[in-house]
Amino acid sequence: MKLYELCSEDQRRFSPYCWRTRMALAIKDIKVTSVPVGFMQIPGICNGTGKTVPVLTTRDGPVADSFEIALRLDETHPDKPLLFRGQAAETHCRVIEGWVDTVVLGGLMSMIVVDIWSVLRSEDKEYFRSTREARLGKSLEEFQAGREGRVAGFNSRTLAPAQRALAGAKWLGGDRPDYADCILFGSLMWPHVVSDFTVLEDGPVMDWFRNCLSLMADEAEVRALLAA
């Protein structure tokens, strides 16, 4: 199987959605071949299978979207640890996905958007700046300005649901990681890969994040974090 992943100029894999899939693969102990791509290459992946990454090629054809990939992995590898333990777990993960995609990622973007742009491949920079500035209604620099003042609130308010849940459990999945953990981890991996700016403060979420990293100690980006 091949996993198409968004990469920077120096080959760092930084997409929060791709890291969700990376953690899902680690939980299930499935190895894949990584195919690094830039923003401008995405439309050509598997004859335009998806408008975004990740895209995973399987014997049944390519699968786009990190959540759909996770569902397919459970379907094709039911003998390995399940990412969804029943319909209730899938619904729970949909709730986590909605919270992370609408709240957590927005908070992170406001603190690292210029850092993302700075590590992109040269051919991707104009696309990223023009599309994001049109969406934000201001320049990347204006949107990121004052990020130091937003860190505490991000940890105490934006991440409050996870802080509370992880104060009494090792994983969002309970006794072991499931796809809910993949969703939040992938998003929090984003700033750690593209930026030197510290987003996570010490506490339950940081402790949990370190546990997630331990599942993927062989990944180059994870090794760099653990060595720092």
Side-chain angles (χ1 to χ4, degrees), residues 3-26 34 36-39 42 52-55 65-67 69-70 93 96-121 124-125 127-129 131-132 135-136 140-141 143-144 147-148 150-151 153-155 157-159 161-163 166 172 177 179-201 203 205-216 219-226 228:
L3 180 65
Y4 290 82
E5 305 178 86
L6 195 59
C7 289
S8 65
E9 183 71 45
D10 61 2
Q11 299 302 302
R12 279 179 281 176
R13 296 168 295 179
F14 65 88
S15 165
Y17 299 98
C18 292
W19 278 105
R20 295 176 190 186
T21 298
R22 272 283 157 200
M23 183 170 176
L25 290 165
S34 178
V37 297
F39 279 108
I42 292 175
T52 61
V53 286
V55 173
D65 181 80
S66 53
F67 207 105
I69 289 172
C93 288
I96 296 295
E97 181 187 49
W99 164 62
V100 171
D101 286 356
T102 61
V103 180
V104 176
L105 288 180
L108 290 171
M109 176 72 87
S110 76
M111 293 186 281
I112 63 169
V113 67
V114 177
D115 301 330
I116 298 169
W117 175 84
S118 69
V119 302
L120 294 180
R121 298 178 178 190
D124 291 333
K125 286 191 170 185
Y127 163 80
F128 183 86
R129 179 176 287 276
T131 55
R132 273 53 179 182
R135 186 184 307 168
L136 298 171
L140 304 184
E141 289 75 14
F143 188 66
Q144 184 173 291
R147 62 181 176 176
E148 294 80 5
R150 294 193 289 275
V151 173
F154 177 79
N155 283 269
R157 293 191 297 274
T158 304
L159 294 181
Q163 299 283 14
L166 293 168
L172 294 176
Y179 195 62
D181 294 277
C182 301
I183 293 168
L184 184 58
F185 170 76
S187 301
L188 294 177
M189 190 66 173
W190 197 22
H192 283 85
V193 173
V194 301
S195 178
D196 292 328
F197 183 69
T198 300
V199 171
L200 276 186
E201 298 176 338
V205 172
M206 175 58 89
D207 293 340
W208 161 87
F209 184 76
R210 294 190 182 105
N211 289 333
C212 293
L213 291 177
S214 69
L215 296 177
M216 292 175 286
E219 302 290 354
E221 295 84 351
V222 173
R223 289 200 305 270
L225 290 178
L226 293 175

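When a residue number appears, it is its place in the shown sequence, counting from 1.
Once rounded to the nearest 0.5 Å, the distance linking CG of L200 with CZ of F154 reads 6.5 Å. Here the CZ-SG distance, from F67 to C182, works out to 10.5 Å after rounding to the nearest 0.5 Å. Note that CE of M189 and CE of M216 are 6.5 Å apart. Values are rounded to the nearest 0.5 Å. Rounding to the nearest 0.5 angstrom, the gap separating the CG atom in D124 from the CD atom in E9 is 9.0 Å. The line from CH2 of W208 to CG of L172 is 5.5 Å long, rounded to the nearest 0.5 Å. Note that the OG1 atom of T21 and the CD1 atom of I69 stand 4.0 Å from one another [nearest 0.5 Å].
A pairwise comparison of heavy atoms in S118 and K125 identifies O-NZ, 3.6 Å as the closest pair. Scanning both residues, V104 and T158, for their nearest heavy atoms gives CA-CG2, 4.0 Å. Between L215 and M23, the shortest heavy-atom contact is CD1-CE, 3.8 Å.
Applying the side-chain hydrogen bond (donor to acceptor under 3.5 Å, both in side chains) test to D196 and every residue at least two apart in sequence or in another chain returns nothing. Residues meeting the ring-ring contact (aromatic ring centres under 6.0 Å, His included) test with Y127, sequence neighbours left out: F39. Take R157 and apply the salt bridge (Lys or Arg N to Asp or Glu O under 4.0 Å) test, not counting sequence neighbours, and it matches no residue. Residues satisfying the side chain to side chain contact (heavy atoms under 4.5 Å, CB included) criterion with V114, sequence neighbours excluded, are L140, E141, Q144. Under the ring-ring contact (aromatic ring centres under 6.0 Å, His included) criterion, F209 pairs with F185, H192, sequence neighbours left out. Contacts of P16 classified as side chain to side chain contact (heavy atoms under 4.5 Å, CB included), with partners at least two apart in sequence or in another chain: L105, S187, W190. Remark: V151 engages M111, N155, F197, E201 in a side chain to side chain contact (heavy atoms under 4.5 Å, CB included) (not counting sequence neighbours). Residues satisfying the side-chain hydrogen bond (donor to acceptor under 3.5 Å, both in side chains) criterion with S110, sequence neighbours excluded, are R150. Judged as a side chain to side chain contact (heavy atoms under 4.5 Å, CB included), and not counting sequence neighbours, the contacts of P191 are L108, I112, V199. E221 is linked by a salt bridge (Lys or Arg N to Asp or Glu O under 4.0 Å) to R13, counting only residues two or more places apart in sequence or in another chain.
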Open item on the list: Evaluate Q163 against M206 for side-chain contact (heavy atoms from CB on, under 4.5 Å), listing each step before the verdict.
Closed with: CA-CA 9 Å; Q163 299 283 14; M206 175 58 89; over 6 Å; no
- [ ] Check step by step if side-chain contact (heavy atoms from CB on, under 4.5 Å) holds for F128 and I116.
- [x] CA-CA 9 Å; F128 183 86; I116 298 169; 3.6 Å; yes
- [ ] Kindly determine whether W99 and L184 satisfy side-chain contact (heavy atoms from CB on, under 4.5 Å), including the steps that lead there.
- [x] CA-CA 9 Å; W99 164 62; L184 184 58; 4.3 Å; yes
Task: Candidate pair S66 and Y179, rule side-chain contact (heavy atoms from CB on, under 4.5 Å), full reasoning - done: CA-CA 10 Å; S66 53; Y179 195 62; 3.4 Å; yes
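I42 has its side chain within reach of V53: a pair of non-hydrogen atoms, C-beta onward, lies under 4.5 Å apart. Annotation: side chain of V205 is in contact with side chain of L188 (closest heavy-atom distance under 4.5 Å). Contact of the C18 side chain with the L3 side chain is not registered, since no non-hydrogen atoms from C-beta on lie closer than 4.5 Å.
For E5 (side chain) and P54 (main-chain N/O), no donor-acceptor pair under 3.5 Å exists by modelled atom type.
Here salt bridge (charged side-chain N to carboxylate O under 4.0 Å, His left out) pairs that include residues 100-119, with residues two or more places apart or in two chains, are R20-D101, D115-R147. Applying the salt bridge (charged side-chain N to carboxylate O under 4.0 Å, His left out) test to every pair with at least one member in residues 182-195, sequence neighbours left out, gives no pairs at all.
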